[in-house]
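Whatever order the structure lists ligands and atoms in, that order sets their numbers, starting from 1.
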Amino acid sequence: MAEHRSNGNVNLKTFDAHVPEIKFTKLFIDGEFVDSVKGRTFETKDPRNGQVVARVAEGDEEDVDLAVIAARRAFDHGPWPRMPGYQRGRIMSKFADLIEENIDELAALDTIDAGKLFSVGKARDIPNAAMLLRYYAGAVDKIHGEVLKMSRELHGYTLREPVGVIGHIIPWNFPTGVFFMKVAPTLAAGCTMIVKPAEQTPLSALFYAHLAKKAGVPDGVINVVTGFGPTAGAAISSHMDIDMVSFTGSTKVGHMVMQAAATSNLKQVSLELGGKSPLIVFDDADLDTATDLALTGILYNKGEVCVAGSRVYVQEAIYEEFEKKLVAKAKAWPVGDPFDPNVRQGPQEDNVIVKDEIFGPVMSLMKFKTMEEVIKRANDTRYGLAAGILTKNIDLANTVSRSIRAGMIWINCYLAVDNDCPYGGYKMSGFGKDLGLDALHKYLHVKSIVTPIYNSPWL
Ligand code: NAD
């Protein structure tokens, strides 16, 4: 778990005009902002200077219970799962419009909460949240099953039905991005939910709950319980009335979530966990592009990206020149106040090293000779989230991409993500996809309906 600290090495300017008023600090349960049952609160700090920005309600087991009661009622008896798809889609589109009307304020909330670049939040994270809602809003009225070609005298078809009440547990590095990767397809599927944002970054999630209500999402469909992992988070993963837990975070906590799900009600589990992703640079790659991609791959979002390219393998003929260029570019990388539009990296938080995932801007640069050797070394990790391959040789790119055990392969690019592109890991990076139609299907059960046809021996 990370803590926010100010960066002692950087002379931080202040861009206080951007700091927004904090409007929402209470839990959001059954359509209302409420204090926690015990009345406790915790501090959230500005990582630029370590100052307290707000005190936020600290939810625990009792609050999760209330949120689950609301979500259960909204699922079992409320309008959301029963609404025609196009109506759910209209409400989701309205939610997207409201996000677009508040881009500056939302981007600023993530900057003072997570130290994220304000310019990137404004241009990418927040507009993409609206795009993601619209992507799934367009799919809502196209959820259907199949007619089955049965082998005997039977007629059969499948229906896709919402899984039920979903518990979402999200990390601090993409407070908006991960929130919508989970919430948008869950809404589209007709499920209801309890969302626990990371304790380091609770602010934008509460603002989104307010906007959802304003857009017409019925009470109880989205509940936000802010609080800590071992209390609020653990209460979600072990709850008997939650049908599925969808977790993004460290592999270490992923183990705990799965264990709690297994020993409670065998709820479904989806895990998006850590990575140690390789970037492979063959000797025909363009050096300028390759060094730019390698640098962005490890420094984007301060290196606090699950798919960060933390192992860079460079073919021996270009290794020395690559290293020289990379170091020169790294030295020129502008670090400072995340509100400063000229800065590319805000204050670095302190990190715990999770065995072999350093969740930060630390890259291992290594030399290799042959394709066979680099495939073996790239696969030599317990993670399998992503990999990058830089080469002009399409045969090489195709061979290596099929040989790497990872959920996402980038050829001649890195960190290229699209809402239509399923995202998730192999091996100990987890299972279950976010984004794309795969994420929508994750929140839907398949039900088979079978009936004998006339004169069938089954009659
Ligand atoms: P973390 O695992 O410490 O925390 C993630 C969430 O889990 C937080 O909301 C936290 O409160 C909660 N939590 C902590 N203990 C819990 C418990 N016992 N039971 C239930 N919930 C608990 O991770 P972090 O430090 O917030 O985020 C960094 C990690 O997330 C990195 O390992 C990174 O690779 C991973 N990550 C993965 C993806 C992906 O898509 N694969 C995306 C972003 C981050």
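- Below 3.5 Å of separation, one finds an N or O of Trp172 facing an N or O of ligand 1.
- The proximity of Phe247 to ligand 1, defined as any non-hydrogen pair under 4.0 Å, is limited to the side chain.
- For Thr248, heavy-atom contacts with ligand 1 shorter than 4.0 Å involve the backbone as well as the side chain.
- A donor-acceptor contact under 3.5 angstrom links the side chains of Asp65 and His239, judged on distance only.
- Aromatic pair Tyr443/His168: centroids less than 6.0 angstrom apart.
- Considering backbone and side-chain atoms together, Lys196 places an N or O closer than 3.5 Å to an N or O of ligand 1.
- Each of the following atoms of ligand 1 lies closer than 4.0 Å to a heavy atom of Asn173: 43 (C), 44 (C).
- Near Ile170, with a cut-off below 4.0 Å to any heavy atom, the atoms of ligand 1 are 6 (C), 8 (C), 9 (O).
- Glu62 meets the side-chain hydrogen bond (donor to acceptor under 3.5 Å, both in side chains) test with Lys38; sequence neighbours excluded.
- Checked by distance only, ligand 1 and Thr251 stay at 3.5 Å or farther apart across all their nitrogen or oxygen atoms.
- The distance criterion of under 3.5 Å between nitrogen or oxygen atoms is not met by Val257 with respect to ligand 1.
- Here the two rings, on Phe282 and Phe368, have centers that are under 6.0 Å apart.
- Applying the 4.0 Å criterion to heavy atoms of Gly233 picks out, from ligand 1, the atoms 19 (N), 20 (C), 21 (N).
- Taking the six-membered ring for Trp, Phe228 and Phe42 have ring centres closer than 6.0 Å.
- Judged purely by atom type and a 3.5 angstrom limit, Arg72 uses its side chain to pair as donor or acceptor with the backbone of Asp241.
- Ring-centre distance between Tyr135 and Phe180: not below the 6.0 Å cut-off.
- In summary, the atoms of ligand 1 found under 4.0 Å from a heavy atom of Ile169, numbered by their order in the structure, are 6 (C), 7 (O), 9 (O), 12 (C), 20 (C), 21 (N).
- In Leu385, the part holding a heavy atom less than 4.0 Å from any atom of ligand 1 is the side chain.
- Ranked by closest heavy atom to atom 35 (C) of ligand 1, the top entry among Gly249, Gly424, Gly274, Ser429 is Gly249.
- Near Val253, meaning under 4.0 Å from one of its heavy atoms, ligand 1 places the atoms 2 (O), 13 (N), 14 (C), 15 (N), 16 (C), 17 (C), 21 (N), 22 (C).
- Of all atoms in ligand 1, numbered sequentially from 1 with element shown, those under 4.0 Å from a heavy atom of Pro171 are 26 (O), 27 (O), 43 (C), 44 (C).
- Residue contacts with ligand 1 for Glu304 are absent, since no atom lies close enough (heavy atoms, distance under 4.0 Å).
- In the vicinity of Met256, heavy-atom distances shorter than 4.0 Å reach the ligand 1 atoms 18 (N).
- Considering both main-chain and side-chain atoms, Leu273 comes within under 3.5 Å of ligand 1 through a nitrogen or oxygen pair.
- For Tyr426 and Phe431, the gap between ring centers reaches or exceeds 6.0 Å.
- Looking at Asp110 and Thr176, their side chains do bring a donor and an acceptor atom within 3.5 Å of each other.
- Counting heavy atoms only, Ser250 comes closest to atom 1 (P) of ligand 1 of the residues Ser250, Ala235, Gly430.
- Shown here are the salt bridge (Lys or Arg N to Asp or Glu O under 4.0 Å) partners of Arg311, two or more places apart in sequence or in another chain: there are none.
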